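These notes are about the structure you will find just below.
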Amino acid sequence: MTVAPDPVRPVLPSASDLVHAARGLPVSRTPVWFMRQAGRSLPEYRALRAGTAMLEACQDPDLVTEITLQPVRRHGVDAAILFSDIVLPLVVAGIDIEIKPGIGPVIADPVRSVADVDALPPLDPERLAFLQTAVRQLVAELGATPLIGFAGAPFTLATYLIEGGPSKEHARTKAFMYAEPAAWGRLLDRLAVSAATFLRAQVDAGASAVQLFDSWAGVLSAADYAERVLPHSRAVFDGLGSGRVGEDSVPRIHFGVGTGELLPLIGDAGADVVGVDWRVPLDEAARRVGPTRSLQGNLDPAVLLADRATVDREVRRVVEQGRAARGHIFNLGHGVLPDTDPGVLTHVADLVHELSAR
Ligand code: CP3
């Protein structure tokens, strides 16, 4: 089954509301998609994934295609996001990682020394053929709906490599950053090259936008972020280059959680769109990032577990406050929580479209 083309929508993803909002161009209505829209909130996802490990599923082009399309069909969102994971480039490079259900990525041999940094294997782009097959299949199925490619930012990937798994404080990561600044720089350089390679493969195969997830950057002070992290995130965007030959570069979205104090810097790393969590209202976020970047966000995912009147009130507020931005892509402030009723997501997508129709 393919996504039915809608005759009133544009025929090219590059002319979609998502891409236009990202560039600060006029839109027919506020585009909306949800971080983690593909995943455990959908029964059809759970059925398809049954019996296949997460990282195996990510390397099967037909499964990736089908799982990526599920939320687009169901919710009528304005973008698909590739079904993958931020640790996948590390896995493809040969690092022993497992995604444990309900926990997240677990690394068999965490990076704890300078020698460990220097022993990390590089990512060979030739091993990303499966990813490019999935992207090509998706672009063919999606028609005018843009596909967002993504990668994990160097800092957030470093937290998993150094901690060995998910962590709250990221204390080992920060200790390594302070104690071994040269090795830290080399580690983030390598992760930047790998992220750029991973994004480039997706863009070359036809992705219409990219998102760089620096989910845990909010644990850093602005000074440390600016000095020890931002140059490496910028290197990812620089390494991505201008995009497909003869075309404008695809829009770049840059997102982290708890980044209120970092918002101007997150933009400076090279983003067209700054992703905002629920802690800073979008009108205030627009002041912080300035008039040259669009915003994405920022409904608290927990609101979707509340009553319908609360959901509607909060959606209205986010749409209203988003009008202060150069362009606004409606999203959650972080990923869909697993217990979310998918019907509420469909309702939110419809309501955003209705409230913003021009
Ligand atoms: O729908 C989408 O957004 C696309 C797919 C996607 C996944 N992971 C699939 C996934 C995306 C964009 C990601 C990014 C990702 N992965 C991030 C950045 C975004 C964020 O949430 O901050 C991070 C930090 C990871 C690492 C990771 N992978 C975590 C923390 C977890 C969750 C562990 C859990 O089970 O709660 C994963 C696993 C994961 N990635 C799942 C999915 C659908 C769940 C796996 C399952 O279904 O068993």
Side-chain angles (χ1 to χ4, degrees), residues 32-60 63-75 77 79-91 97-107 131 134-135 138 147-161 163-168 170 173 191 195 198-199 202 207 209-219 253-259 266 275-278 296-298 301 329 331-340 342 345:
V32 48
W33 67 280
F34 304 107
M35 290 187 279
R36 292 285 172 93
Q37 64 189 18
R40 285 168 301 171
S41 67
L42 298 185
E44 60 269 34
Y45 167 80
R46 292 194 298 267
L48 209 57
R49 260 291 315 285
T52 311
M54 174 66 192
L55 290 170
E56 246 175 75
C58 292
Q59 296 177 72
D60 177 332
L63 263 185
V64 168
T65 301
E66 180 55 26
I67 293 174
T68 301
L69 291 172
Q70 284 177 341
V72 181
R73 293 190 193 112
R74 189 192 256 264
H75 304 309
V77 282
I81 181 155
L82 187 76
F83 179 77
S84 186
D85 197 84
I86 59 167
V87 297
L88 196 64
L90 306 177
V91 173
I97 303 180
E98 193 189 337
I99 291 186
K100 299 213 162 138
I103 299 174
V106 176
I107 284 84
L131 188 73
V135 170
L138 277 162
L147 175 70
I148 301 172
F150 75 91
F155 176 78
T156 290
L157 285 175
T159 69
Y160 286 102
L161 283 175
E163 306 292 336
S167 111
K168 265 215 171 81
H170 307 300
T173 308
L191 293 171
F198 195 62
L199 289 178
Q202 297 170 67
V210 293
Q211 176 153 332
L212 188 63
F213 282 95
D214 210 351
S215 301
W216 314 134
V219 300
I253 309 169
H254 195 185
F255 167 80
V257 182
T259 55
I266 297 264
V276 184
D277 80 3
W278 58 90
Q296 176 173 282
N298 74 343
I329 299 168
N331 206 315
L332 306 179
H334 200 186
V336 175
L337 298 167
D339 292 340
T340 305
L345 291 171

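These numbers were taken from a predicted model, which means no experiment stands behind them. What's counted below: heavy atoms across the whole structure, side chains too, no hydrogens, waters or symmetry copies. For ligands, and for the atoms within them, numbers begin at 1 and follow the listed sequence.
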Ligand-side contact atoms (ligand 1) for residue partner Ser84, heavy atom cut-off under 4.0 Å: 5 (C), 6 (C), 7 (C), 8 (N), 9 (C)
Polar contact flag for Arg36 and ligand 1 (N/O pairs, less than 3.5 Å): yes
Phe255, Phe150, Phe213: member with heavy atom nearest to atom 11 (C) of ligand 1: Phe150
Pair Leu88-Gln59, side chain to side chain contact (heavy atoms under 4.5 Å, CB included): steps then yes or no: CA-CA 9 Å; Leu88 196 64; Gln59 296 177 72; 3.9 Å; yes
Nearest-neighbour protein heavy atom for atom 23 (C) of ligand 1, which is reported as residue plus atom name and distance: Ile86 CD1, 3.4 Å
Close-contact set for ligand 1 against Tyr160 heavy atoms, below 4.0 Å: 24 (C), 26 (C), 30 (C)
Whether Pro105 lies under 4.0 Å from ligand 1, heavy atom: yes
Euclidean distance, Ile253 CD1 relative to Ile266 CD1, rounded to 0.5 Å: 13.5 Å
Gln37 side-chain N/O to Val336 backbone N/O, donor-acceptor pair under 3.5 Å: no
Min N/O separation Phe34 to ligand 1 under 3.5 Å: no
Reported CZ-to-CG distance for the pair Phe198 and Leu191, which is rounded to 0.5 angstrom: 13.0 Å
Any Leu138 side-chain heavy atom under 4.5 Å of Phe83 side chain: no
Close-contact set for ligand 1 against Ile103 heavy atoms, below 4.0 Å: 33 (C)
Pairwise side-chain contact, Pro301 with Thr340, heavy-atom cut-off 4.5 Å (strictly under): no
Atoms of ligand 1 close to Gly104 [distance to a heavy atom under 4.0 angstrom, numbered from 1]: 31 (C), 33 (C)
Protein contact to atom 18 (C) of ligand 1 [nearest heavy atom, distance to 0.1 Å]: Ser215 OG, 3.2 Å
Atoms in ligand 1 flagged as close to Phe83, the criterion being non-hydrogen separation under 4.0 Å: 43 (C)
Nearest protein heavy atom with distance in Å, relative to atom 35 (O) of ligand 1: Gly102 N, 3.0 Å
Beyond-backbone contact of Val87 with Ile107, side-chain heavy atoms, under 4.5 angstrom: no
Candidate list Phe213, Trp278, Trp216, test ring-ring contact (aromatic ring centres under 6.0 Å, His included), partner His334, passing option: Trp216
Sub-4.0 Å atoms of ligand 1 with respect to non-hydrogen atoms of Tyr45: 43 (C), 46 (C), 47 (O)
Within-cut-off N or O pair, Arg49 and ligand 1, under 3.5 Å: yes
Pair Leu48-Leu63, side chain to side chain contact (heavy atoms under 4.5 Å, CB included): steps then yes or no: CA-CA 8 Å; Leu48 209 57; Leu63 263 185; 3.6 Å; yes
Heteroatom distance test (His334, ligand 1): nitrogen or oxygen, under 3.5 angstrom: yes
Min side-chain heavy-atom separation Thr68-Leu147 under 4.5 Å: yes
Proximity to ligand 1 by part of Leu82, non-hydrogen separation under 4.0 Å: backbone
CD1-SG distance between Ile67 and Cys58, expressed to the nearest 0.5 angstrom: 8.0 Å
Worked verdict on Met35 versus Phe255 for side chain to side chain contact (heavy atoms under 4.5 Å, CB included): CA-CA 10 Å; Met35 290 187 279; Phe255 167 80; 3.5 Å; yes
Closest approach of any protein heavy atom to atom 1 (O) of ligand 1, naming residue and atom: Ala38 N, 3.0 Å
Protein contact of atom 38 (C) of ligand 1 - nearest heavy atom, named by residue and atom, plus distance: Ile99 CG2, 3.5 Å
Heavy atom of the protein closest to atom 45 (C) of ligand 1 (residue, atom name, distance): Met54 SD, 3.6 Å
The one among Lys100, Arg40, Gln70 that brings a heavy atom closest to atom 34 (C) of ligand 1: Arg40
Protein contact of atom 16 (N) of ligand 1 - nearest heavy atom, named by residue and atom, plus distance: Asp85 OD1, 3.0 Å
Test log, rule side chain to side chain contact (heavy atoms under 4.5 Å, CB included), inputs Glu66 and Tyr45: CA-CA 9 Å; Glu66 180 55 26; Tyr45 167 80; over 6 Å; no
